[in-house]
Every structure is written in structure tokens, then in C-alpha cells.
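Report on one structure; see the data block that follows.
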Amino acid sequence: MLDFLSIGVFIDGGYYAKINRALKARDRSIIRVSSLFEYITSELAMQEGLNISDCQITEAHYFRGRFRVKEAFDKNLLYNERKFEDTLIENDVVFHYKHLREVERDGHTEVLEKGVDVWFALEAYELATFRHFDYVVLITGDADHQMLIRKLKALKTKTVLITWNITDDENVSPMLRHEVGQHWDMSLIADNNPQLKRLLLYRLRDHYEASDSHDAR
């Protein structure tokens with residue numbers, strides 16, 4: 001039996017932003033990072049029969065594409081990006097960014113995010129190999145991470161997939177659900193537990209408009 005639980009958390013920033021956009025549209029709320037991390041540690045501690053003090057997120061990483069500084073300034077994104085980074089720092093989350101590119105196609109501007117998913121998978125696998133996490137928690141809905149989960153299981157690392165499905169369009173890939181050790185659909189868990197929902201979600205003030213990248217501590 002384990003006497004200490006080491007957890008690595010890896011956040012797909014594009015997916016995380018999509019969740020917050022849906023929560024803002026539906027509930028005028030966004031995810032409170034610290035409360036989500038507390039829920040992860042308390043739930044896994046309970047499953048393993050440990051005191052919560054013996055269950056720690058030893059590393060957390062966030063991956064996202066973002067605009068270069070001039071583009072972000074022109075789009076009025078700099079303040080909210082910096083504010084969100086403050087949230088990550090407050091919760092000891094390491095952020096990993098690659099630059100976005102905009103291209104014109106058929107008269108429309110398309111934003112390209114290249115290499116972030118591959119970086120996410122490589123970093124998660126490498127750190128799991130060297131840090132020997134007992135659990136790796138993935139916050140993503142990307143079916144491409146199925147092979148990452150399979151590789152983590154080969155290391156005998158337990159895996160948890162966290163999703164937050166607000167609409168039918170955001171349903172997680174069945175392949176991902178099948179491969180992972182545990183799947184926590186936080187939309188169902190929170191909606192069935194009003195007290196937990198109040199803890200997990202930060203209610204936005206009526207006069208305040210948060211950007212896609214902003215989050216609560």
C-alpha cells in the first residue's frame with residue numbers, strides 16, 4: 001500500500017479555455033484552479049486510503065499556443081494573458097507556450113497552433129518516466145492523446161482523465177475514455193453536488209468580462 005501519493009497534472013490549454021468559454025456562457029462562471037487541484041488530491045487520497053496531507057500534486061503543467069506580443073497587444077489580450085499567468089504561478093503551474101500563426105484562407109483568417117499537442121504528450125511521458133508519478137491527471141478531450149495514455153499505463157502509472165462536457169459538441173472521444181484508467185466528467189460530478197460546484201467555480205461579477213484565457217485562483 002502506498003504511504004505517499006505523487007500526482008502529475010497536465011492541462012491542455014486550448015481545451016481548458018473552451019471549457020471556461022462554455023461555463024461563462026452558461027453559468028457566468030469559470031473554473032477555480034486551486035479548488036480543482038484540491039478536489040483531485042482529496043479524491044485520490046480517499047481512493048488510496050491516505051490522509052490528504054500525504055497526497056500531493058508534485059508537478060502541474062499547462063500547454064497552449066499564444067500570439068506574439070504585438071499581435072496580443074493589438075487584440076487587447078495582454079492584460080488577461082498576464083492575469084491568467086498570475087493564476088498559474090499562484091498554483092505552482094508551469095506554463096509552456098508556442099506561438100500561434102494567422103493565415104488567410106479563402107478570404108478567412110485561420111489561427112494555426114502547431115506542435116502543442118505533441119509537446120504535451122512528450123513532456124507528460126518524459127516527466128512520468130523520470131518523476132515516477134503514482135498518478136498522471138490529464139485535462140484534455142483530444143483523442144490524439146490515446147497513445148500517451150497507453151504509454152503511461154505501460155510505465156504502470158495510473159491515469160485519470162478530467163473533462164467538463166458542457167454541450168454535446170464537447171463530448172470526449174470514446175477511444176480516450178476506453179483507454180484511460182479513470183474518467184471524471186466534472187460537469188456531471190459538479191451538477192450532482194451543488195456544494196462542490198460552488199467550490200469549483202468562480203462566479204463572475206455582472207460587470208466583469210473575462211477573456212478566454214482568464215481564470216480564477
Side-chain angles (χ1 to χ4, degrees), residues 7-45 52 55-66 77 79-97 113 116-117 120 124 135-142 145 159-173 176-177 180 182-217:
I7 304 166
V9 175
F10 296 86
I11 304 169
D12 177 341
Y15 178 76
Y16 191 87
K18 185 171 72 171
I19 294 171
N20 272 337
R21 284 196 298 269
L23 287 169
K24 282 185 283 184
R26 189 188 74 173
D27 299 330
R28 294 290 301 156
S29 300
I30 52 178
I31 302 167
R32 194 186 301 270
V33 177
S34 59
S35 296
L36 179 60
F37 283 7
E38 288 170 8
Y39 176 77
I40 291 169
T41 54
S42 62
E43 181 67 20
L44 292 178
I52 193 168
C55 181
Q56 299 289 329
I57 294 175
T58 50
E59 289 196 36
H61 296 261
Y62 175 92
F63 298 80
R64 183 87 195 268
R66 74 173 183 182
L77 296 174
Y79 174 79
N80 285 309
E81 285 183 353
R82 181 61 183 269
K83 195 167 183 66
F84 179 62
E85 288 172 3
D86 287 346
T87 300
L88 297 179
I89 293 168
E90 288 289 333
N91 290 281
D92 299 318
V93 180
V94 180
F95 37 91
H96 308 260
Y97 293 122
E113 183 181 74
V116 176
D117 289 343
F120 178 104
Y135 279 88
V136 165
V137 176
L138 304 173
I139 302 176
T140 184
D142 193 336
H145 291 135
T159 56
V160 176
L161 175 68
I162 290 182
T163 61
W164 210 307
N165 302 319
I166 309 300
T167 70
D168 292 339
D169 292 338
E170 295 161 6
N171 284 335
V172 65
S173 162
L176 209 56
R177 282 202 313 265
V180 77
Q182 297 185 49
H183 173 217
W184 299 354
D185 182 346
M186 296 307 298
S187 56
L188 292 177
I189 294 171
D191 286 346
N192 290 328
N193 186 336
Q195 182 178 2
L196 175 63
K197 187 174 183 177
R198 285 193 294 272
L199 289 173
L200 288 175
L201 298 183
Y202 173 78
R203 182 75 177 175
L204 297 173
R205 298 178 181 87
D206 291 339
H207 68 277
Y208 180 71
E209 289 294 334
S211 78
D212 290 345
S213 62
H214 181 265
D215 196 359
R217 288 178 175 77

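Because only heavy atoms are used, hydrogens play no part in the values below, and waters and symmetry mates are left out as well, while side chains stay in. Given the structure is predicted, the values throughout are model-derived calculations rather than measurements.
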| Verdict with reasoning, W184 to V137, per side chain to side chain contact (heavy atoms under 4.5 Å, CB included) | CA-CA 10 Å; W184 299 354; V137 176; 5.9 Å; no
| Residue pair D117, T140: steps toward the side chain to side chain contact (heavy atoms under 4.5 Å, CB included) verdict | CA-CA 10 Å; D117 289 343; T140 184; over 6 Å; no
| said: Set out, in order, the CA-CA distance, both residues' side-chain angles and the distance that settles side chain to side chain contact (heavy atoms under 4.5 Å, CB included) for Y15 and D142, then state yes or no. | reply: CA-CA 8 Å; Y15 178 76; D142 193 336; over 6 Å; no
| request: Please step through ring-ring contact (aromatic ring centres under 6.0 Å, His included) for the pair Y97 and F95, ending with a clear verdict. | output: CA-CA 7 Å; Y97 293 122; F95 37 91; 5.5 Å; yes
| task | Test K24 against I30 for side chain to side chain contact (heavy atoms under 4.5 Å, CB included), laying out the working first. | result | CA-CA 6 Å; K24 282 185 283 184; I30 52 178; 3.4 Å; yes
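Atom-to-atom distance recorded for R32:CZ and L199:CG is 8.0 Å, nearest 0.5 angstrom. Within the model, atoms CG of D92 and OG1 of T58 stand 11.0 Å from one another, a figure rounded to the nearest 0.5 Å. We find the CD1-CD1 distance between I11 and I139 to be 4.5 Å, quoted to the nearest 0.5 Å. To the nearest 0.5 Å, atom CD1 of residue I162 and atom CD of residue Q182 are 10.0 Å apart. Separating the NZ atom in K18 from the CG atom in D12 is a distance of 9.0 Å, to the nearest 0.5 Å. One finds the CD1 atom of I189 at 9.0 Å from the CH2 atom of W164 (value rounded to the nearest 0.5 Å).
For D191, the salt bridge (Lys or Arg N to Asp or Glu O under 4.0 Å) criterion is met by R26, K197, not counting sequence neighbours. The side chain to side chain donor-acceptor pair (under 3.5 Å) test applied to S42 returns no partner, not counting sequence neighbours. Among residues two or more places apart in sequence or in another chain, the side-chain contact (heavy atoms from CB on, under 4.5 Å) test is passed with E38 by none. Contacts of T159 classified as side chain to side chain donor-acceptor pair (under 3.5 Å), with partners at least two apart in sequence or in another chain: none. Residues forming a salt bridge (Lys or Arg N to Asp or Glu O under 4.0 Å) with R198 (at least two apart in sequence, or on another chain): none. Here D27 pairs with nothing under the side chain to side chain donor-acceptor pair (under 3.5 Å) rule; sequence neighbours left out.
Classification of E85 and R66 as a salt-bridged pair holds, one side-chain N sitting under 4.0 Å from a carboxylate O.
Taking 4.5 Å as the limit, every side-chain heavy atom of V94 sits out of range of all side-chain heavy atoms of E59. Looking at heavy atoms from C-beta onward, V160 lies out of side-chain contact with V180 at the 4.5 angstrom threshold.
Side-chain contact check for D185 and S187: at least one donor-acceptor pair (N or O, by modelled atom type) lies under 3.5 Å.
The side chain to side chain contact (heavy atoms under 4.5 Å, CB included) test with Y135 singles out one residue from T41, I57, L44, and that residue is L44. Remark: of the listed residues L200, T163, I31, L200 is the sole one forming a side chain to side chain contact (heavy atoms under 4.5 Å, CB included) with M186.
Nearest heavy-atom pair, L176 versus G141, reported as atom, atom and distance to 0.1 Å: CD2-C, 3.9 Å. Contact record, R64 with G14: CD-N, 3.3 Å, taken as the closest heavy-atom pair.
Between Y16 and Y62, the ring planes are perpendicular. Angles over 60° get that label, and only those under 30° would be called parallel. The aromatic rings of F10 and H61 lie parallel to each other, with less than 30° between the two planes, well short of the 60° mark.
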